[in-house]
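In what follows, a structure is listed as structure tokens, so that the remarks can point back to it.
Predicted model only: the values in this text are computed from it and were never measured. In the text below, chain A, chain B and the rest are named by the order of the sequence lines, each starting its count at 1.
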Amino acid sequence: MNGNYNKKNSDREERLDFIRAIVAEDNRSGKWGGRVITRFPPEPNGYLHIGHAKSICLNFSIAAENKDGRCHLRFDDTNPCKEELEYVESIMADVRWLGWDWGEHLYYASDYFEQMYEYAVRLIKAGKAYVCDLTGEQIRQYRGTLTEQGKNSPYRDRSIEENLDLFERMRAGEFPDGSRTLRAKIDMASANLNMRDPVMYRILHASHHRTGDKWCIYPMYDWAHGLEDSVEGITHSICTLEFENHRPLYDWFLDQLGVHHPRQIEFARLNLSYTVMSKRKLLQLVQRGLVNGWDDPRMPTISGMRRRGYSPAAIREFCRLIGVNKFNSTVDIALLEHCVRQDLNRNSPRVMAVLRPLKVVIDNYPQDKVEQLEAINNPEDPAAGTRLVPFSRELYIERDDFMEEPPKKFYRLAPGREVRLRYAYFVTCKEAVKNPDGEIIELHCNYDPATRGGDAPDGRKVKSTLHWVSAPHSLSAQVRLYDHLFTKENPDDVANDADFTSNLDQNSLKVINNCRIEPSQANAEPLSRYQFERLGYFCVDPDSTADRLIFNRTVTLRDTWAKIQKAQHKQKT
RNA sequence: UGGGGAAUAGUGUAACGGUAGCACGACUGACUCUGGAUCAGUUAGUCAAGGUUCGAAUCCUUGUUCCCCAGCCA
């Protein structure tokens, strides 16, 4: 009994996912001599997104958790037609921004091309590979189907000498694109289509972003990837589920060659509600101008999230919380938002900003008087200190913070009601001034000088505290409010003839000009993150300048009043 | 009618034959100079049916459902 409890407790502490369990077991058995070497192997053909972050965090943290463990960053650049330097650079920047360090271990598959070629020659010499003259269309026909086995290529039994000669001439550029391939000689009857004599090399007279025109034959993924892992001494080659069917091939190539043979382990890729994750779809959004580029703050790309104001720590925590498994699932985007709020609550300085200003005149406050009031920078972090905020006779408050006829549970300002202005005074609303259309354009209030700083010496309470800015001191700013990109939890849930873009939320971006923000923000650094009190977390857009401040809303604060309002609305209808 | 994977609260994930737990969400309440944060609580689950066992999410059998595979993409 006792032993049982102990076992359970220690299990509870470890909490190993199935991949970490494999690594731990390998360490215990000494399978890899105690080494743990993982890798993140992106193809440089697009921008990284939060799904990649899951893989990045998995690979780098497993390395970090083990003594002398390391994780390589390797560009899997085996297809010159799709890949570009621009992507290489953005990928490195994103991985670094996420907080990971590959040290000396930056690699390119293209650096191994010569070695791969030699390995291919070895396979040919062993009678395990052959040059095939079938066209792409013919190869497909010969491959058979899911339920019918394939048939052997007529070129399958060429002599080793002829294969060697042909392969050399393929490399030398004697043949046009698509005219021949090098294929592994495995089994055209295999139930696994990947084993039906897979193509190892294709002819591509294309310029590669790193090797230029040195090569006109390029290795296929299945052939190349295991070799890359092997050459680098990778121990655990972690990839996504769709490669499960490829593992027998991965193993076959390395076994035939008799070289270092990492273990491939597959896990489920990340899906997130209210967004899409496929490179193809993200590319479509960008190319069709449905978003403003790869780093549009609504995009689930790392660069988009950075611009939106998500912190690396929040993303890492999210990736830790979602765990890792072998079945497809869709994580609620609310969990990501939770992680962001949790981190930003603890770490971002507070500031007062008014998104939709309503002018307030404190009638009994002296005309030209200005006071500097002390405000706390971060109540969660005393070390963040305090700052001074100017207060004067004319202020702005949030339009939403006043109602002429307040409904139940609306605690904010209303005619005759007293509230606190944060860090300032208690004020009571005396009058709401309207324009001819009946819109409220200005409030007149009185303040209680005895409540300076926000406390009433007589101990009286107010139901709410409002944020505010001094009208003459405040700065103008543009604020961009973001919402989920799609209206549906699953954007692919569409009517028969429509595509996923029909589920795009037309209101996912709202731009508000003429917001007012406290003067401490005059020189806010691009990409710095703040909490606008009572509103949410905001991030200075990279396009922001001292003359034209621009903030992106990262995520709102949890908003109890909004929930009550929603419920009240529902009741009415 | 082929092969390979996988099914635990609304969502995500633990439990590896021994009390089905955690997080997010939702809902109560307390507290609060942010209707934030914090704190306390409620809610709700083993795909199905059999079997083995003192005991099954876990082992066995059968079934159901979902995902992946027929690129000279990765």
Using Watson-Crick geometry (N1-N3 plus N6-O4 or O6-N4) or G-U wobble (N1-O2, O6-N3), each under 3.5 Å, B/U52 is paired with none
Any base atoms under 4.0 Å from A/L335, or only sugar-phosphate, or nothing? Heavy atoms, all strands. sugar-phosphate
Taking a pair as Watson-Crick or G-U wobble with both distances under 3.5 Å, which nucleotide is matched to B/C39? B/G29
Between A/R341 (CZ) and B/U38 (P), how many Å, whole number? 11 Å
Quick one: the side chain of A/E380 and the base of B/G36, do they pair up donor-acceptor inside 3.5 Å? yes
Checking contacts here: which listed nucleotide (B/G36, B/A74, B/U13) is nearest the side-chain heavy atoms of A/H246? B/A74
The side chain of A/K82 lies closest to which of these nucleotides: B/G12, B/C73, B/A14? B/C73
Applying a 3.5 Å limit to both distances, which nucleotide forms a Watson-Crick or G-U wobble pair with B/C73? none
First encountered from the 5' end of RNA chain B, between A/V324 and A/F410: A/V324
What does A/L466 touch in the nucleic acid at a heavy-atom separation under 4.0 angstrom: a base, only the sugar-phosphate, or nothing? nothing
Report the relative orientation of the aromatic rings in A/W215 and A/Y117; use parallel for angles under 30°, tilted for 30 to 60°, perpendicular for over 60°. tilted
Roughly how many Å is it from OH in A/Y221 to C1' in B/C69, rounded to a whole number? 14 Å
Please classify the nucleic acid contact of A/L134 as base, sugar-phosphate, or nothing, using heavy-atom distances under 4.0 Å. base
Check the angle between the aromatic planes of A/F538 and A/F532 and answer parallel, tilted or perpendicular using the 30° and 60° thresholds. parallel
Fit a plane to each ring of A/F243 and A/H246, take the angle between them on a 0 to 90° scale, and name the class: parallel (under 30°), tilted (30 to 60°) or perpendicular (over 60°). perpendicular
What I want to check is whether an N or O donor and acceptor connect the side chain of A/N245 with the base of B/C68 at under 3.5 Å. yes
Report yes if a side-chain nitrogen or oxygen of A/R202 is closer than 4.0 Å to either non-bridging phosphate oxygen (OP1 or OP2) of B/A74; otherwise report no. yes
How is A/F243 classified with respect to the nucleic acid when contacts are heavy atoms under 4.0 Å: base, sugar-phosphate, or nothing? base
Starting from C1' on B/A74, measure out to CG on A/L249 and report it in whole angstrom. 14 Å
Rounded to the nearest Å, what distance is computed from the CG atom of residue A/N328 to the C1' atom of nucleotide B/U65? 14 Å
A/I322 has its side chain closest, among B/A74, B/A70, B/G12, to B/G12
Check for me: is A/W561 stacked on B/G35 by the 5.5 Å centroid and 30° plane-angle rule? yes
A/R269 has an atom CZ; how far is it from atom P of B/A74, in whole Å? 15 Å
Aro-ring/base stack A/F327-B/A7, d under 5.5 Å, angle under 30°: no
Starting at atom CD of A/E266, determine the distance to atom P of B/G3, rounded to an integer number of angstrom. 19 Å
Determine the Euclidean distance between corresponding P atoms of B/A20 and B/A56; express it in Å to zero decimal places. 11 Å
OP1, OP2 of B/C69 versus side-chain N and O of A/R196: anything below 4.0 Å? no
Quick one: A/H338 NE2 to B/A26 C1', roughly how many Å, whole number? 15 Å
Please classify the nucleic acid contact of A/T147 as base, sugar-phosphate, or nothing, using heavy-atom distances under 4.0 Å. base
Using both distances under 3.5 Å as the test, list the Watson-Crick or G-U wobble partner of B/A7, or none. B/U64
So what's B/A14 paired with, Watson-Crick or G-U wobble, going by both distances under 3.5 Å? none
Is a donor on one side and an acceptor on the other found under 3.5 Å between the side chain of A/S90 and the backbone of A/Y87? yes
Which part of the nucleic acid does A/P379 contact within heavy-atom distance under 4.0 Å: base, sugar-phosphate only, or nothing? base
Ignoring the backbone of A/K409, work out which of B/G35, B/G71, B/G2 is nearest its side chain. B/G35
Geometric class of the A/Y108/A/F75 ring pair [parallel <30°, tilted 30-60°, perpendicular >60°]: parallel
Do A/R534 side-chain and B/G35 base share a donor-acceptor contact under 3.5 Å? no
Closest listed nucleotide, where the reference is the side chain of A/R140 and the choices are B/C67, B/G71, B/C27: B/G71
Side-chain contact check for A/L146: nearest option of B/U34, B/A74, B/C69 is B/C69
Would you call A/E374-A/R387 a salt bridge at under 4.0 Å N-O? no
Among B/A70, B/A74, B/G36, the nucleotide that comes nearest once only the side chain of A/T78 is considered: B/A74
Syn or anti for B/G63, please, going by whether the chi angle lies within 90° of 0. anti
So if I take every side-chain heavy atom of A/N325 and compare against B/U13, B/C72, B/A70, which nucleotide ends up nearest? B/U13
For the side chain of A/R143, starting at C-beta, report the closest nucleotide among B/G36, B/C72, B/G4. B/C72
Nearest to the side chain of A/V331, which nucleotide is it out of B/G36, B/G12, B/A14? B/G12
Using a strict 4.0 Å threshold on nitrogen-to-oxygen distance, state whether A/D111 and A/R74 make a salt bridge. no
Touch class at under 4.0 angstrom, heavy-atom based, for A/Y423 against every strand present: base
When the distance from CZ of A/R412 to P of B/U34 is rounded to whole Å, what number comes out? 13 Å
Contact class for A/S464 vs. all strands (heavy atom < 4.0 Å): base, sugar-phosphate, or nothing? nothing
Classify the angle between the aromatic ring planes of A/Y218 and A/H208 as parallel (below 30°), tilted (30 to 60°) or perpendicular (above 60°). parallel
Does A/K563 make a side-chain N or O approach to OP1 or OP2 of B/C27 shorter than 4.0 Å? yes
Mind checking the C1' distance from B/A9 to B/A44? Whole angstroms is fine. 4 Å
Out of A/Y396, A/Y423, A/W468, which residue meets the ring pair (Phe, Tyr, Trp, His ring centres under 6.0 Å) rule with A/F391? A/W468
Looking at A/T135, I'd like to know whether one of its side-chain N or O atoms comes within less than 4.0 Å of OP1 or OP2 on B/C72. no
